[in-house]
Protein chains: 2
Amino acid sequence: MGAMASRRSKAGDNEGANEEGAPVRDGAAVDHGPLDRRLGYLLRRAQIAVFRDFFAAFADHDIRPGQYSILTVIETNPGLKQGAVGEALGIKRANFVAMIDELQTRGLVRRDPSPADRRSYALNLTAEGTRLMAELHALAERHEQKIVDAIGLETYRALFAPLKAIARMGEGEA
Amino acid sequence: MGAMASRRSKAGDNEGANEEGAPVRDGAAVDHGPLDRRLGYLLRRAQIAVFRDFFAAFADHDIRPGQYSILTVIETNPGLKQGAVGEALGIKRANFVAMIDELQTRGLVRRDPSPADRRSYALNLTAEGTRLMAELHALAERHEQKIVDAIGLETYRALFAPLKAIARMGEGEA
DNA sequence: GATAATTGTTATTGAACATAGCTATCGTTG
DNA sequence: CAACGATAGCTATGTTCAATAACAATTATC
């Protein structure tokens, strides 16, 4: 059918191309080249791998990394208003609403009234939320241990300070 | 108006809440708690910070991190087929199509015919693509230097090996 | 008390990522 | 060589995440 014509249409007019003797190597082992010296690229790959493991570890509880971080901040700083929690985690207020909605619907977080300011809520964990967090923290520790096993304890510990410094990089620009 | 009712409807029936004496602390300085000991969280924050700087550095050329990584792999391994490039970067074939479309439309990448296999394309940089990559690599080096300035050269160098090991973690699971 | 700023919310958008199904081609096997 | 399955690229679609704009309720400021 004419499907072929439409398919190749995107590739365009290079039917007779390769005039410059362009290589056609077919790669089994692909060389990442300078990419292996780009910290951002490695950070992204490492972060994806860690999140994948985290996701699997928390799948039984249906908790994603972002939800765990929200619950942790609320647990550590009870009574915070939504904006403060979101800001601490780099989540825009608008996007924060639905996330808290779900956690509240699941009975993990309460939106208590803030006595001094009727605009805002005081976020707190419910009893069940507190109980769940004990489990999640234990799971998280085991998840961390997998990373320690992969790179060694000293190397693991040495990562935190530079990563924090990088995360703080260019903070006063917005 | 009734907007209030509908607004608070999501928060639900906690008008008289706070029965358990829940705190209402209003946080200026938010404590991240155990989150500061979760490598995945720090990796994410660091990666976001680095990408933001990268994005700003490449804004003039309208090149995003993913595009730079694609161009780099093609430059390093000319003649690869789309699937191989995408796989090397962890990009699904379906999503790879539009990315190459754009790079081709912008005259940076060619889809040369693969002589041995008419199903696949041999990806190569155009002359302009090659010229642009020289600029981009120079920009990338300056971008890396900013990170070095932030954490020191030795610390910077020490990050690569563990990050690669973490990225390889759980590779044989899919 | 009028005006500006804050808090939470909604709606909408764009980018990144995943899945299913399709066509064309290749490889193998009968 | 015909039939079959596997592969390469493509389309369509949906989901998630993040960013913006605009709004109502409330608070703070002058």
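In what follows, chains carry the letters A, B, and so on, assigned in the order in which the sequence lines appear, proteins first and then strands, with residues in each chain numbered from 1. Bear in mind that the values here come from a model prediction, so they are computed numbers and not experimental data.
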Whether B:Glu141 and B:Lys146 form a salt bridge (side-chain N of Lys/Arg under 4.0 Å from carboxylate O of Asp/Glu) is what I want to check. no
Between A:Asn95 and A:Ala116, which is nearer to the 5' end of DNA chain D once each is assigned its nearest nucleotide? A:Asn95
[X] [atom1] - [N] [atom2] separation (whole Å):
X        : N      : atom1 : atom2 : value
B:Arg93  : D:dA12 : CZ    : C1'   : 16 Å
A:Phe55  : D:dC17 : CZ    : C1'   : 13 Å
A:Phe96  : C:dT10 : CZ    : C1'   : 17 Å
A:Gln104 : C:dG8  : CD    : P     : 13 Å
B:Lys92  : C:dG21 : NZ    : C1'   : 17 Å
A:Lys81  : D:dT26 : NZ    : P     : 15 Å
B:Leu123 : D:dC10 : CG    : C1'   : 14 Å
B:Ile48  : C:dA16 : CD1   : C1'   : 13 Å

Around atom CZ of A:Phe160, are there more than 12 heavy atoms from other residues, nucleotides or ligands closer than 6.0 Å? yes
Check the surroundings of atom CZ in A:Arg131: do more than 12 heavy atoms from other residues, nucleotides or ligands lie under 6.0 Å from it? yes
Counting only side-chain N and O atoms of [X], is one of them less than 4.0 Å from OP1 or OP2 of [N]?
X        : N      : answer
A:Arg64  : D:dC17 : yes
B:Arg52  : D:dA19 : no
B:Arg111 : D:dG9  : no
A:Arg118 : D:dT27 : yes

Check: D:dA8 base within 3.5 Å donor-acceptor of B:Asp117 side chain: no
For the side chain of A:Arg119 and the base of D:dT26, is some donor closer than 3.5 Å to an acceptor across the two? yes
Name the closest nucleotide to the A:Ala94 side chain, picking from D:dA21, C:dG8, D:dA12. D:dA21
Can you find a pair of side-chain heavy atoms, one from B:Gln67 and one from B:Leu108, that are under 4.5 Å apart? no
Under 6.0 Å between ring centres: does that hold for A:His137 and A:Tyr68? yes
Walking DNA chain C from its 5' end, the first of A:Arg44 and A:Gly83 to be reached, judged by nearest nucleotide, is A:Gly83
